[in-house]
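Nothing here was measured: the structure is a model prediction, and the numbers come from that model. Every chain is numbered from 1 and lettered A, B, ... according to where its sequence line falls, protein lines coming before strand lines.
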Protein chains: 2
Amino acid sequence: MKTDSGERPARAPLSRERVLEGALAIADAGGLESLTIRSLAHELGVKPMSVYYYVANKSEIIDGIVDRVFSEIELPAPDGDWRTEMRRRSASARAVLRRHPWAIPLLQSRTHPGPATLRHHDAVIGSLRSAGFSMAMTAHAFALIDSYVFGFALSESALPINGPETVTEVATSMMPSSAPDLYPHLIEFTTEHILKPGYDFGAEFDFGLTLILDALSSPSHAGIRP
Amino acid sequence: MKTDSGERPARAPLSRERVLEGALAIADAGGLESLTIRSLAHELGVKPMSVYYYVANKSEIIDGIVDRVFSEIELPAPDGDWRTEMRRRSASARAVLRRHPWAIPLLQSRTHPGPATLRHHDAVIGSLRSAGFSMAMTAHAFALIDSYVFGFALSESALPINGPETVTEVATSMMPSSAPDLYPHLIEFTTEHILKPGYDFGAEFDFGLTLILDALSSPSHAGIRP
DNA sequence: GTAGCTTTCGTACTTAGTACGGTGGGAGTG
DNA sequence: CACTCCCACCGTACTAAGTACGAAAGCTAC
């Protein structure tokens, strides 16, 4: 009765790729804290220690999936209009980070960037440089845009998944039921604006990005662009 | 020989305050991952389970110290010039987050804000509102400035502690020794600009903040300020 | 078939959070 | 003074997680 095949769950033979794939799926489904070696092994249909044949430790797994997240972000085309390209890659970054919110704190702070991460930064710098930005101005723009995009994603990730309607419960749950007028501006602002039907926090993204891009291309930074 | 006093380490009698104080000290010294119930108890001179008399669980401790971090950030004065006040509180926030880098990912994402956090947001909103910003414009400015400040702090926390000189080793260690010209712009940018003696990433903060504040007060957002 | 590789796994140790139920000592009461 | 009670603290122990170590199972080449 011990048939050689047909007994096994017939799974793919495991590989570093499949390990990272599974890890990404788990992190997306339940956040970083749900990604454990055991949960990953279970997902892959193997026993925990098998994973360690393909990765040295858990931190290598995390480096790997962070780089995968970076690889999902659209690169700016080096020959396009830099404002258009920056807008595209920023919107893409934001969309990607909404899919992988657990990655936001890690994107900027991992000290072992992978190839996709390096390619991404290379493309952004290239886009600015070929638009005529000086070295110094490229550094300024790069830090500014990146800080804004990732900072916004970080703020946004605090709110539950999607849509303007869920904001209501978050905002109200954050308000202390006691202490009625300790925070008058905050309460006024929340009730009069945030909780109003039309408000969508996500829409703030475009305002800030446009303002930044406009300011970066304004003539007040003379001698910088061609 | 069993003198009532003099035998004991003569420590203060523990309290919620002392628990949070100790937790903050440990997180500052070794990062969030070094803050464990056991390390905290050791720091306080008690046994692990004693801590649980004052807090329900570890996450309550983290909420507590995050709020303490917020309380260190200078509040904008409601009657000062809004640009001056925003600059002051932004610089203060950055300085505080350099002292407590472990807190950055948590500041925006904790769903249980403490009193200091609420006071802080209240003051920022109040400052903008009394400068004449409309509700909508306050929301725009708030999201923009906060995203930038916290995003910058997040980027900055990736670099090791301080100073322009340490950048060198980080930048070089990030470069793959193989693959010479896969990332031409990144390499050019790093060697020609970042690694040059005078470069200080921290100085980028002021550039971006000034650009944002200038753009927010420009007349192109007409009808918004008085 | 058997040596030697590749791949997977069993066992077990360590660190962490924390449930549950004490225990000691001081305050209050008779 | 003895007794009770409660507050502050702790001992024990269970569970989850990362991972060291080395063995087993299967595969390839001869």
Parallel, tilted or perpendicular for A:W102 and A:H100, by the 30°/60° rule?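 If you compare the ring of A:W102 with that of A:H100, the planes turn out perpendicular.
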Parallel, tilted or perpendicular, judged at 30° and 60°: which one describes the rings of B:F70 and B:H121?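 B:F70 vs B:H121 ring planes: perpendicular.
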With pairs taken as Watson-Crick or G-U wobble and both distances under 3.5 angstrom, which stems of at least three consecutive pairs involve DNA chain C?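 Ordered by first number, the stems with DNA chain C (at least 3 consecutive pairs each) read C:1-30 with D:1-30.
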So that I can tick it off, tell me whether B:R94 and B:D206 are bridged by a salt bridge, with the cut-off set at under 4.0 angstrom between side-chain N and carboxylate O.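 Not counted as a salt bridge, because no side-chain N and carboxylate O are separated by less than 4.0 Å.
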Using a strict 4.0 Å threshold on nitrogen-to-oxygen distance, state whether B:E85 and B:R88 make a salt bridge.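 Salt bridge present between B:E85 and B:R88.
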One character per nucleotide, please: for nucleotides 11-21 of chain D, 5' to 3', B when the base has a protein heavy atom closer than 4.0 Å, S when only the sugar-phosphate does, - otherwise. BB----BBBBB
Measure OH/B:Y53 against P/C:dT23 and give the value in whole Å, please.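 Roughly 18 Å, once rounded to whole Å.
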Once you round it to whole Å, what is the distance between C1' of D:dC9 and CZ of B:R16?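 Rounding to the nearest Å, CZ of B:R16 and C1' of D:dC9 are 18 Å apart.
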Is B:S50 close enough to D:dC10 that one of its side-chain N or O atoms is under 4.0 Å from OP1 or OP2 there?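 Answer yes for this pair, as a side-chain N or O of B:S50 is under 4.0 Å from OP1 or OP2.
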Between A:S39 (side chain only) and A:L35 (backbone N and O only), is there a donor and an acceptor less than 3.5 Å apart?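 No.
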For the pair A:S127 (side chain) and A:V124 (backbone), establish whether a donor and an acceptor sit closer than 3.5 Å, ignoring hydrogens and angles.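 Absent.
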Salt bridge (charged side-chain N to carboxylate O under 4.0 Å, His left out) contacts touching residues 48-69 of chain B (sequence neighbours left out):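 Residue pairs with at least one partner in residues 48-69 of chain B: B:R16-B:E60, B:E17-B:R68, B:D63-B:R110.
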Are A:F207 and A:F152, when compared by the centres of their aromatic rings, separated by less than 6.0 Å?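 Here the rings of A:F152 and A:F207 have centres that are no less than 6.0 Å from each other.
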